[in-house]
Amino acid sequence: MDVSYLLDPLNNEQREAVTAPLKHTLVLAGAGSGKTKCLTHRIAWLLEMEHARPYNLLAVTFTNKAANEMRSRIDALLNQSTRGLWIGTFHGIAHRLLRIHWSDANLPQLFQILDSDDQLRTLRRVVKSLQLDDKVWSPKKVQHFINARKDEGLRAADIVADGDAWLAQMLVIYHAYEETCQRTGVVDFAELLVRVYELLRDNPLLLEHYQQRFRYLLVDEFQDTNTIQYQWLHLLAGSQGKLFVVFDDDQSVYSFRGARIENIQNLRQDFTDTCLIRLEQNYRSTGTILAAANALIANNKSRLGKKLWTQDKAGEPVFLYAAYSETDEALFVVDKIKGWYGKRNEVAILYRTTAQSRVFEEALLQKGIPYRIYGSLRFYERLEIKDMLAYLRLLLHRDDDGAFERVVNTPKRGIGGRTVDVLRGVARQQSVSLWKAAHIVIETQQLKARASHSLTAFLNLIKQLVEQVKGLPLPEQVEVVKITSGLVAHYKKENKEEAQRRLENLEELVNAARQFKPRGFQEQGIDAVAGVPPLPKGSILDSTGFGTIAGDLRHFLDHAVLEAGEGQGAPSEDCVQLMTLHAAKGLEFQVVFLCGLEEGLFPHQNCVGELEEERRLCYVGITRARQYLYLCHSESRYRYGTRESGKPSRFLDEIPDELIQKVRLSSSVPPFKLSGTKPVDD
DNA sequence: CCGTTTTCGGTTTTT
DNA sequence: CCGAAAACGG
């Protein structure tokens, strides 16, 4: 078979990785070294040369973006069908397995997924129902505690308080939360992972099936895996499965959300017969930029060690600008951008904290340069969208307390906090859902006439919606809910710009429903693939397929939670890109401005113990730049109301002087010359 | 129930 | 200092 199309575009190391023997393979892939190419070509290689069938492969990523990218690149590369090839995020794949095996996973068939916002609301209710002071047991803290434990694969029952009163109380809350979720049939993000791990661990026949099926496990950004993800991979690989993981220990910047860089070492210990391949040739940046990056990251003690190199020329020096103030910094950056004649979306302004974006935004606005800030509110997280989704959830599942609470008085229909308190009381006492409690409360006449009347009206509204929507295709269901729920009328009343936007977003949601083409799940015959033992009898497959009313709607809701989508709206071309360093990971730009390089801000004061991770973050920032890299720091900066002076970041000292060119001496432009900005010392 | 006042926190974030 | 969210008063 002629596989030159697969191998010719690769360098020696990439080829070595793509054609590696069937051992567990670790690919240390530096920034810009072609790791996605490596992964996609490896998949093609396995299919073409190792007689793998598409359903033998499982490729896992962290973000939907990465998963989509991988899928489209594979489709472009291969001429054969990739039916049965699973590519997805850890959460997406876990979710898929839970939908198939909902019964074995001890979940209701129509289980719902909680996003972080819904989780927080749920926790607020749990803390309140335990009569705890939410100042001491702040739902946010509790949320963090629980998620951190779940990331470690620990349930409340797995943790021993051992005389620690604080921990004991936390565990009580954790227990109560688990119970609430189970009772109401909801699953948070971390739970997807824990559940699916337990599902396979506790069902040997299921495990056997998937171990036989997924002979080849490919993992992107392996340095970002957390404990439960690693345990799951470990379990799924079994003794036969072959791992192919791509990682860069120097780009591990997510320990704060549970990523365990040690998983690389764990993998090498837990799996014998591993091989490590390094991709160090960089196809992105100039020699100078790489030299700066290499010098910086060399200061980290704990790393496997690698040195990026390029065939490219040295290029321009790294420019350094010392500003007086954050305003000066922004004006400098904007000034440079004005002098840039390339495409504007090839320019990125990167910073450590989101708060820093404001000054740049103002400066860009003032000069009329179009820009786009990443990480602003995502489409499916908008208030009005979440309200609509809550109605839809309620239609699917009347006992969804979260959805009930959200819409019971949205739009305002005279059901205030007092009324809902009564419902909550009855619900808790009789351990039923709010929906059922509402019926009980009305029947037993526990409310004043007016409240009772309003509540009855609400219940009838939902029942009416259920009837109206029955048998309609998804987009029309959404349309009906949009009108009948009263949300449109609700927003129309306010004649503000904001209200107009909300209405547009609601319309956009109907649009999204119209265009919604669920993918994945196409193959229901997964138990009949050749060479794989059938799924054990008693596995109850997901029967709410497409075409069914509940099925379409449910898939749409799943999609909304799991793939909340970027800011929506046209990804307006020709905009300067503003984002945090974390958001920039995986991207590249012709020109990069790395701003706010000051002690306390970057490295951030809260990260004194995590200095190496801060340095990696800086490394990520530097290696985003293809051609021009500007580093900025400011002598002073407004923080928490007062102007504070800041020393240049230690990271600047770690970049060799000969690579750096200072753009302008601080003294050459005194602060009072800045027009249209606040004086430095006010 | 709704608009105003007060209080609080303020690193990074995908799913 | 600034914005969000909780508490308060009409």
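Letters A, B, ... mirror the listed sequences (proteins, then strands); counts begin at 1. In this text, all values refer to a predicted model and were calculated from it rather than measured experimentally.
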Which nucleotide, [options], lies nearest any side-chain atom of [X]?
| X | options | result |
| --- | --- | --- |
| A/R257 | B/dT14, B/dT15, B/dC1 | B/dT14 |
| A/H582 | B/dT13, B/dC1, B/dT11 | B/dT13 |
| A/C607 | B/dT11, B/dC2, B/dT14 | B/dT11 |
| A/T353 | B/dT15, B/dT14, B/dT11 | B/dT11 |

Nearest-Å distance, [atom1] ([X]) to [atom2] ([N])?
| X | N | atom1 | atom2 | value |
| --- | --- | --- | --- | --- |
| A/E362 | C/dC2 | CD | P | 10 Å |
| A/I93 | B/dT15 | CD1 | P | 13 Å |
| A/N64 | B/dT13 | CG | P | 17 Å |
| A/E381 | B/dT14 | CD | C1' | 10 Å |
| A/R124 | C/dA6 | CZ | C1' | 10 Å |
| A/F256 | B/dT15 | CZ | C1' | 13 Å |
| A/R352 | B/dT13 | CZ | P | 8 Å |
| A/N147 | B/dT15 | CG | P | 15 Å |

Subject >> Check: A/H582 ring centre within less than 6.0 Å of A/Y374 ring centre >> reply: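 Aromatic pair excluded; centres sit 6.0 Å or further apart.
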
Original post:
Are A/F404 and A/H397 near enough that their ring centres are under 6.0 Å apart?
Top reply: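 No, ring centres 6.0 Å or more apart.
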
Any side-chain N or O of [X] below 4.0 angstrom from OP1/OP2 of [N]?
| X | N | answer |
| --- | --- | --- |
| A/K135 | C/dA7 | yes |
| A/R378 | B/dT13 | no |
| A/Y640 | B/dT11 | yes |
| A/R450 | B/dC1 | no |
| A/S116 | B/dT14 | no |
| A/R358 | C/dC2 | no |

**OP:** With DNA chain B as reference, determine whether A/H91 or A/A355 sits nearer its 5' end, using the nearest nucleotide of each.
**Re:**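 So the residue in question is A/A355.
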
Subject >> 5' precedence on DNA chain B between A/G414 and A/T580 (nearest-nucleotide basis) >> reply: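 Between the two, 5'-proximity favours A/G414.
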
Inspect the contact between [Y] and [X] and indicate whether a charged nitrogen and a carboxylate oxygen are less than 4.0 angstrom apart.
| X | Y | result |
| --- | --- | --- |
| A/K65 | A/E69 | no |
| A/R121 | A/E405 | no |
| A/D401 | A/R424 | no |
| A/D400 | A/R406 | no |

Original post:
Do A/F214 and A/W86 come close enough that some side-chain heavy atom pair is under 4.5 Å?
Top reply: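 When only atoms from C-beta onward are counted, A/W86 and A/F214 do touch, with a gap below 4.5 Å.
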
Please work out if [X] contacts a base, only the sugar-phosphate, or nothing of the nucleic acid, heavy-atom cut-off 4.0 Å.
| X | value |
| --- | --- |
| A/H604 | sugar-phosphate |
| A/R616 | nothing |
| A/D188 | nothing |
| A/I415 | sugar-phosphate |
| A/F62 | sugar-phosphate |

Subject >> Complement of C/dA5, any strand, by Watson-Crick or G-U distances under 3.5 angstrom >> reply: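 For C/dA5, the partner nucleotide comes out as B/dT6, under the 3.5 Å rule.
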
Original post:
Which base, if any, makes a Watson-Crick or G-U wobble pair with B/dT15, both distances under 3.5 Å?
Top reply: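 Pairing partner: none.
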
**OP:** Taking atom C1' in both C/dC2 and B/dT13, compute the distance separating them and give it to the nearest angstrom.
**Re:**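 That atom pair is separated by 22 Å.
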
